[in-house]
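Taking it in order: structure first as structure tokens, then the write-up.
Throughout, a chain's letter reflects where its sequence line sits, starting with A, and its residues are numbered from 1.
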Amino acid sequence: MIDLKQLQKDFDGISKKLMRKGVDEKLLEKVKEKFEELKEAKAAYEKLQAAQNAMSKEFGIYKREGKDISELKARVDANKIKITQALEVQREKQEELETLAMAIPNIPDDDVPDGEDEADNVEIKKVLTPREFSFTPKEHWELAEQNGWIDFERGVKLACSRFSVAYDMGAKLERALINFMLNYNAKKGFTEVSVPHIVNRKALEGTGQLPKFEDDLYKIEGQDLYLIPTAEVPLTNLFQDEILPADKLPFKMTGYTSCYRKEAGAAGRDTRGIIRQHQFHKVELVCITKPEESDIIFDEMVATASEILTALELPHRLVTLCTGDLGFGAAKTVDIEVWLPGQNTYREISSISNTRDFQARRAKIRFKNGKKNELVHTLNGSALAVGRTMVAIMENFQNEDGSIHIPKALEPYMGM
RNA sequence: GGAUCUUUGGCAGAGUUGGUCGAAUGCACCGGUCUUGAAAACCGGCGAGGGUCAUACCUCCCAGGGUUCGAAUCCCUGAGGGUCCA
């Protein structure tokens, strides 16, 4: 949620920034208007309430003194009807405003480049040089099948398409990667947290997945519960509705969960292999910080994710997302793309975002800054997506006969 | 699953014949006096959100609904916790 007071105060400035992200100025004008209407409705309602409270007090006095109350009662009853009406108006305005305002994305940082889509993202740097192959490298799904690591058919049999099963070294590699990543993150000062994979609506609203992206979530039938699309949701919402002591910040957390996504709107994309699954494993980083330190922490998170890839000897590059590719809640995002020789391209393996106070405002996560309560900044990023890391290892470490060797850093984790 | 009790400010804990309770008290915390410094003692301050230049004012005593002119206090529903029974 953007700051509506700020929008009211500096409409031109804010709307200019949001228009870079393709937000319709008319929508913003409407929001501003509704916000003002709500304020008026609130003031009117509160005035009536004040009158009611005052009369109720008189009532007590009248009674004690044995005065006649019939005239007062008539006044009070009349006022009561007005209150009910005023409350109704206020509720309506509130709801209208919320529906509109919740649909507005975060304001992009000034240094986020303009652009339409991922083609306009800006490369920051490349890390490690892709290896030269003396043969034509295969794609991961072919290698996975050949080595007996991943079984696509039986995943479909158990659930539906976009599910798979891992066996033997494939399963082991998955587990090894999770442990390796969690340990690496812990070494960099991120506290390991194990969270529920099912959360309620409020949590998803707090981080911005709802109400806009309901179609992409698995909902538990008959309950106000959803499977998490990312550990970002439970980790960030841990502190929902709390006022944190300033000296405890920043909270730097890491957690491993499965992630569950319907992938609505991704029909036909990445149907081969495990690039895009309904259920996938991910190790996540989430930080809760004071506003002034969020940029530094952001860099730390990017560095950590990149270092993991370097430790795994996987060539990758960092790109800054342009305004058009920026997610709903992010003010700034750096993607890390890993080199896939089989596909002969870089593919996203991590996405690190600073949401500034956008999620904090929705989730009401604040800290005590001296006397005042202030919104924190929340940041999240993958370090890393496990399935895609497996894909990268398979493709980068393949031999001509289709066998795959394991990066040195993982050997202790593979029982080798 | 059944019965019963319980849910208050950072914590502990009053308040349940409905009005003067946003809420006693203790601890913690902050400021001051005293002290070489600290502790103790004493004095003062100390929940949150909205609103205002600042007041005023409004809202919040687990959540939602109801009774009433008026509810932390009464009623209903739900959630969490305790105890007993099965």
If you define the side chain from C-beta out and look only at heavy atoms, does anything of [X] sit under 4.5 Å from [Y]?
X: Asp335(A); Y: Glu118(A); answer: no
X: Glu214(A); Y: Arg201(A); answer: yes
X: Phe280(A); Y: Arg388(A); answer: no
X: Arg356(A); Y: Ser294(A); answer: yes
X: Asp120(A); Y: Asp325(A); answer: no

Pairwise [atom1] distance, [M] and [N] [rounded to whole Å]:
N: G82(B); M: U68(B); atom1: C1'; value: 33 Å
N: A71(B); M: C61(B); atom1: P; value: 11 Å
N: G2(B); M: G78(B); atom1: P; value: 10 Å
N: C29(B); M: U35(B); atom1: C1'; value: 22 Å
N: G65(B); M: G15(B); atom1: P; value: 29 Å
N: A39(B); M: C53(B); atom1: P; value: 42 Å
N: C75(B); M: A54(B); atom1: P; value: 43 Å
N: U16(B); M: U73(B); atom1: C1'; value: 5 Å

From [atom1] of [X] over to [atom2] of [N], roughly how many Å is that when rounded to an integer?
X: Glu46(A); N: C60(B); atom1: CD; atom2: P; result: 11 Å
X: Phe367(A); N: A48(B); atom1: CZ; atom2: C1'; result: 17 Å
X: Gln8(A); N: U52(B); atom1: CD; atom2: C1'; result: 14 Å
X: Arg366(A); N: G47(B); atom1: CZ; atom2: P; result: 15 Å
X: Lys47(A); N: U52(B); atom1: NZ; atom2: P; result: 15 Å
X: Lys202(A); N: A79(B); atom1: NZ; atom2: P; result: 17 Å
X: Lys364(A); N: C60(B); atom1: NZ; atom2: C1'; result: 11 Å
X: Lys9(A); N: G51(B); atom1: NZ; atom2: P; result: 11 Å

Is there a side-chain contact between [X] and the phosphate of [N], meaning an N or O under 4.0 Å from OP1 or OP2?
X: Asn53(A); N: C57(B); result: no
X: Gln49(A); N: U59(B); result: yes
X: Asn200(A); N: A79(B); result: no

Checklist entry - Within the structure shown, what part of the strands sits under 4.0 Å from Lys5(A) by heavy-atom distance: base, sugar-phosphate, or nothing? => result sugar-phosphate

Checklist entry - So what does Asn79(A) hit on the nucleic acid, given a heavy-atom distance under 4.0 Å: a base, only sugar-phosphate, or nothing? => result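 Nothing, no heavy atom under 4.0 Å.
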
Checklist outcome for this item: Reading nucleotides 61-77 of chain B from 5' to 3' and marking B where a protein heavy atom lies under 4.0 Å of the base, S where only the sugar-phosphate is that close, and - otherwise, the string is ----S---BS-------

Taking any strand in view, what nucleotide pairs with [N] in a Watson-Crick or G-U wobble way, both distances under 3.5 Å?
N: C60(B); value: G47(B)
N: G37(B); value: none
N: A86(B); value: none
N: U68(B); value: none
N: G26(B); value: C11(B)

Next on the checklist: Ring-plane angle category for His278(A) and Phe163(A), please: parallel below 30°, perpendicular beyond 60°, tilted otherwise.
Outcome noted: tilted

Next on the checklist: I'd like to know whether the aromatic ring centres of Phe180(A) and Tyr413(A) sit less than 6.0 Å apart in this structure.
Outcome noted: yes

Checklist outcome for this item: In this structure, CD of Glu395(A) is separated from CD1 of Ile393(A) (nearest 0.5 Å) by 11.5 Å

Item to check | Taking every non-hydrogen atom, the tightest pair across Thr304(A) and Phe190(A) | outcome: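 Distance-wise, the nearest heavy atoms are OG1-CE1, 3.8 Å.
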
Item to check | Test ring pair (Phe, Tyr, Trp, His ring centres under 6.0 Å) applied to Phe328(A) - qualifying residues, sequence neighbours left out | outcome: Phe213(A), Phe358(A)

Checklist entry - Are Asp77(A) and Lys73(A) within salt-bridge range, i.e. N to O under 4.0 Å? => result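 Result for this pair is yes, salt bridge flagged.
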
Checklist entry - Which of residues 34-45 of chain A have a heavy atom under 4.0 Å from RNA chain B? => result Lys39(A), Lys42(A)

